[in-house]
2 protein chains.
Amino acid sequence: MRDVAAVAGVGVKTVSRVLNGEPNVSDELRERVTRAAEALNYELNVYAGGLRRSGARTNAIGLMLESVDDAFSAAIHRGVETVMRRHSIIVLAQSFEEDADRERTVVKEFLRRRVDGLILTTVSRDQAYLSAEAARGTSIVFVDRPAVSVAFDSVVSCNYDGAVAATRHLLHHGHRRLAYVGGDHEIWTLRERERGFYAELDRWGVPRSDAIGLTGVLGEEGARMAVHGMLDGQDPPTAIFAAHNRMIIGTLRALHERGAQNDVALIGFDDVQLLDLLEPGVSVVAQDPHRLGELAAERLLARMARKPLELETLTVPTTLIERGSGEIPGPFAGEG
Amino acid sequence: MRDVAAVAGVGVKTVSRVLNGEPNVSDELRERVTRAAEALNYELNVYAGGLRRSGARTNAIGLMLESVDDAFSAAIHRGVETVMRRHSIIVLAQSFEEDADRERTVVKEFLRRRVDGLILTTVSRDQAYLSAEAARGTSIVFVDRPAVSVAFDSVVSCNYDGAVAATRHLLHHGHRRLAYVGGDHEIWTLRERERGFYAELDRWGVPRSDAIGLTGVLGEEGARMAVHGMLDGQDPPTAIFAAHNRMIIGTLRALHERGAQNDVALIGFDDVQLLDLLEPGVSVVAQDPHRLGELAAERLLARMARKPLELETLTVPTTLIERGSGEIPGPFAGEG
DNA sequence: GTGAAAGCGCTAACAA
DNA sequence: TTGTTAGCGCTTTCAC
């Protein structure tokens with residue numbers, strides 16, 4: 001900046017004024033400064049400015065996601081980016097990979113960079129470590145999974161209701177022997193979906209012991225093997241509820257490998273590209289991750305603006321999409 | 001930091017030393033400072049430090065992608081993140097959406113944040129605007145698409161060779177009337193693939209005029225409609241080369257909608273989840289976007305370390321994966 | 001309308 | 001081993 005001032009033959013403060021679009025500069029100097037800055041290819045250093053500026057905003061927020069490479073997380077990311085871009089706020093996105101240690105590291109890194117706010121998907125059972133930071137004034141919003149044991153806003157899918165709808169759909173089509181392919185029990189959303197699954201069984205008077213609950217299954221390959229094992233076992237299920245995107249893919253692989261995709265009903269939680277072109281099409285309870293991201297971003301902006309808001313958990317509804325696999329009739333079709 | 005120093009009863013420099021893990025601090029003071037920092041929930045301000053520190057690294061790099069929400073881009077992102085994390089460097093990822101104006105804005109924003117390096121996917125025909133920045137010492141690497149008209153390292157897929165392989169595959173299986181579903185001509189990778197497509201036709205003595213070249217097709221829906229139009233027309237092709245991920249999906253939709261997926265051969269460029277479970281499976285020339293990201297990140301690190309390197313374009317090979325759709329025999333099967 | 005001086009939070013250089 | 005001073009690039013304050 002000193003260089004620009006020297007070239008333009010003005011004081012640094014005038015350069016600062018021009019480059020920040022402040023008033024009270026004559027057109028002539030404004031012109032000279034602009035030209036000098038361009039000639040020197042100079043860009044303002046946002047951090048140096050933020051240091052002195054009162055409030056010291058960095059115009060950056062931290063976004064912690066399961067993985068930037070996961071379709072669901074990436075859609076959240078995009079939703080957040082879209083909203084934040086309108087406010088010239090940059091998004092620092094980091095993957096935490098369902099690792100509680102990594103989660104702490106990522107948050108710490110965000111704080112060292114003095115982000116103005118945080119949007120977090122977490123796996124920790126306890127986010128008390130954030131309370132102190134919040135007290136210091138950092139705004140925090142949780143996305144996809146709510147905060148536990150601490151008071152923060154959250155934006156989540158309607159996991160319980162969606163799971164209920166999926167389960168009811170299978171029961172309604174005549175299935176009574178159901179399997180829940182569930183993944184990691186550490187994850188709040190999956191616990192919710194499992195809860196919805198069993199609650200709906202109860203409502204229909206189907207004994208929980210009649211259902212096969214595959215939890216603790218990890219990843220696509222884990223789901224694939226688990227489904228094979230289950231279908232090879234005694235009294236296999238006639239319908240499967242696959243509780244998230246990787247579980248759906250793994251389940252599908254197993255079904256297709258044994259040519260059972262037209263015999264075993266399947267409904268997934270979370271929509272995945274190309275499911276509609278499979279034979280049969282795969283019915284799902286679709287989420288709207290882009291919307292989750294947008295809402296979380298808007299909520300965070302409101303908090304950053306210090307608007308007086310009630311603590312809230314925003315819930316984004318899910319949509320049941322029938323494509324065929326979920327409508328394969330079960331042995332009790334017509335009765336229920 | 002002053003607060004920490006006060007609480008610990010030491011000078012600020014001692015706090016700085018402890019928090020930065022520098023030597024020459026007695027165990028006792030180190031302990032006291034650590035405790036005080038924890039009590040106050042204090043984290044170092046990386047930018048304030050970087051301001052004074054010689055070299056003034058921010059330990060951040062900028063990554064510009066088509067969209068953080070695109071599977072191909074997201075895989076690059078993950079590759080970059082994986083490598084950078086090992087060096088405690090944070091990745092600022094931004095979508096530019098094939099918009100040259102937005103591209104400039106994003107780069108400018110990165111520079112205002114004084115990133116240590118840039119990894120860019122660009123659409124501009126001219127990246128001369130970066131030369132001045134490079135001269136100032138910012139390291140830059142291009143990923144997926146090479147720099148044009150400026151001297152930077154690039155990491156790209158073997159687009160031409162992959163397209164040649166795909167085209168040869170279709171010709172080899174007896175097709176002579178081919179269609180190229182190409183997308184945006186502004187994009188270097190797509191021009192390369194088109195070049196490979198026609199070059200291989202030449203090699204086989206198939207007149208270019210016998211091929212149907214759909215370029216300028218935008219997005220999945222554009223591809224879908226274009227393919228419908230083409231197949232409704234006179235003398236429709238017996239095989240299609242879909243030049244990137246969204247073109248594949250759009251083409252597939254059209255084929256499935258008219259029940260032609262077993263009649264018209266299809267080979268795609270870039271692999272997409274679930275293509276193997278479709279009926280027929282979709283053959284593709286797969287790229288390795290994660291590897292692209294890793295290589296770009298490693299190259300950037302080497303540049304940032306001021307290693308003396310030749311200017312280079314690294315090429316990541318593609319893999320032809322046969323899944324059925326590309327092996328549907330054409331009218332000249334057995335002759336080729 | 002303009003610029004000089006002080007200071008944001010931190011570290012380099014140096015003194016104790 | 002420890003603390004003091006200056007200064008990184010900028011903006012605030014305030015004098016002109």
Side-chain angles (χ1 to χ4, degrees), chain A residues 1-34 36-37 40-60 108-116 133 136-138, chain B residues 1-34 36-37 40-60 108-116 133 136-138:
Chain A
M1 182 147 158
R2 274 217 314 261
D3 298 341
V4 178
V7 169
V10 300
V12 284
K13 181 58 212 176
T14 301
V15 178
S16 170
R17 272 193 265 261
V18 173
L19 266 29
N20 284 291
E22 287 169 25
N24 299 327
V25 181
S26 68
D27 286 351
E28 194 220 323
L29 286 197
R30 191 174 292 278
E31 174 69 21
R32 255 160 60 193
V33 167
T34 309
L40 295 176
N41 222 268
Y42 174 78
E43 295 287 346
L44 277 172
N45 181 334
V46 294
Y47 299 120
L51 211 53
R52 185 64 175 89
R53 228 185 281 268
S54 55
R57 302 266 295 238
T58 52
N59 286 313
K108 211 169 234 175
E109 182 59 32
F110 286 151
L111 298 180
R112 294 161 70 100
R113 290 181 186 271
R114 298 296 187 270
V115 293
D116 300 328
E133 190 54 34
R136 253 216 272 171
T138 308
Chain B
M1 183 147 158
R2 276 217 313 262
D3 297 342
V4 178
V7 169
V10 301
V12 283
K13 182 59 208 177
T14 302
V15 177
S16 171
R17 272 193 265 263
V18 171
L19 265 31
N20 285 292
E22 286 170 26
N24 299 327
V25 181
S26 68
D27 286 351
E28 194 219 325
L29 285 197
R30 190 174 292 279
E31 174 70 20
R32 254 159 61 193
V33 168
T34 308
L40 294 176
N41 222 270
Y42 173 78
E43 294 287 347
L44 275 173
N45 181 334
V46 296
Y47 300 120
L51 211 53
R52 185 64 176 88
R53 228 186 281 269
S54 55
R57 303 266 295 238
T58 52
N59 286 314
K108 212 169 231 175
E109 183 59 33
F110 285 152
L111 297 180
R112 293 160 72 99
R113 292 182 186 269
R114 298 295 187 270
V115 293
D116 299 328
E133 191 53 35
R136 254 217 273 169
T138 308

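Below, chains carry the letters A, B, ... as their sequence lines are ordered, and counting in each starts from 1. Note that the structure is a prediction, hence the values are computed from the model and not measured. These numbers come from the heavy atoms of this one structure, side chains and all, not from hydrogens, waters or symmetry mates.
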query = Can you check the A/Asp3 CG to D/dC8 C1' distance for me, whole Å?
reply = 14 Å
Validation row: A/Leu40, A/Val7 side chains within 4.5 angstrom (heavy atoms) = yes
request  = Let me know the distance between CG of B/Asn45 and P of D/dG9, rounded to the nearest Å.
outcome  = 16 Å
Non-hydrogen side-chain atoms of A/Arg30 and A/Arg17 separated by less than 4.5 Å = no
query = Taking the side chain as C-beta and beyond, is there a heavy-atom pair between A/Val18 and A/Leu29 under 4.5 Å?
reply = no
query = Closer to the 5' end of DNA chain D via nearest nucleotide, is it B/Gly11 or B/Gly49?
reply = B/Gly11
request  = Could you check whether B/Asn24 gets within reach of a base, just the sugar-phosphate, or nothing at all, counting any heavy atom under 4.0 Å?
outcome  = base
message = Strictly below 4.0 Å: does A/Ser16 bring a side-chain N or O up to OP1 or OP2 of D/dT11?
response = yes
inquiry  = Rounded to whole Å, how long is the line connecting atom CE of A/Met1 with atom P of D/dG9?
reply    = 11 Å
key: Pairwise side-chain contact, A/Asn45 with B/Leu51, heavy-atom cut-off 4.5 Å (strictly under)   = yes
4.5 Å side-chain heavy-atom contact, A/Asn20 and A/Arg53 = yes
message = Does A/Arg17 contact C/dG3 through a side-chain donor or acceptor facing the base, at a distance under 3.5 Å?
response = yes
ask   = When the distance from CZ of A/Arg136 to C1' of C/dG9 is rounded to whole Å, what number comes out?
value = 13 Å
ask   = Where each residue is assigned the nucleotide of DNA chain C containing its nearest heavy atom, which of A/Ser26 and A/Ala48 is assigned the position nearer the 5′ end?
value = A/Ser26
query = To the nearest Å, how far apart are A/Leu29 CG and C/dG3 P?
reply = 6 Å
ask   = Between D/dT11 atom P and A/Leu19 atom CG, what is the distance in whole Å?
value = 8 Å
ask   = From the list D/dG9, D/dT1, C/dG9, which nucleotide is the closest neighbour of the side chain of B/Arg52?
value = C/dG9
message = Just the rounded figure in Å: distance from C1' of C/dG9 to CZ of B/Arg2.
response = 9 Å
query = Contact class for B/Val10 vs. all strands (heavy atom < 4.0 Å): base, sugar-phosphate, or nothing?
reply = sugar-phosphate
note = Rounded to whole Å, CG of A/Leu51 lies from C1' of C/dA6 at a distance of 14 Å
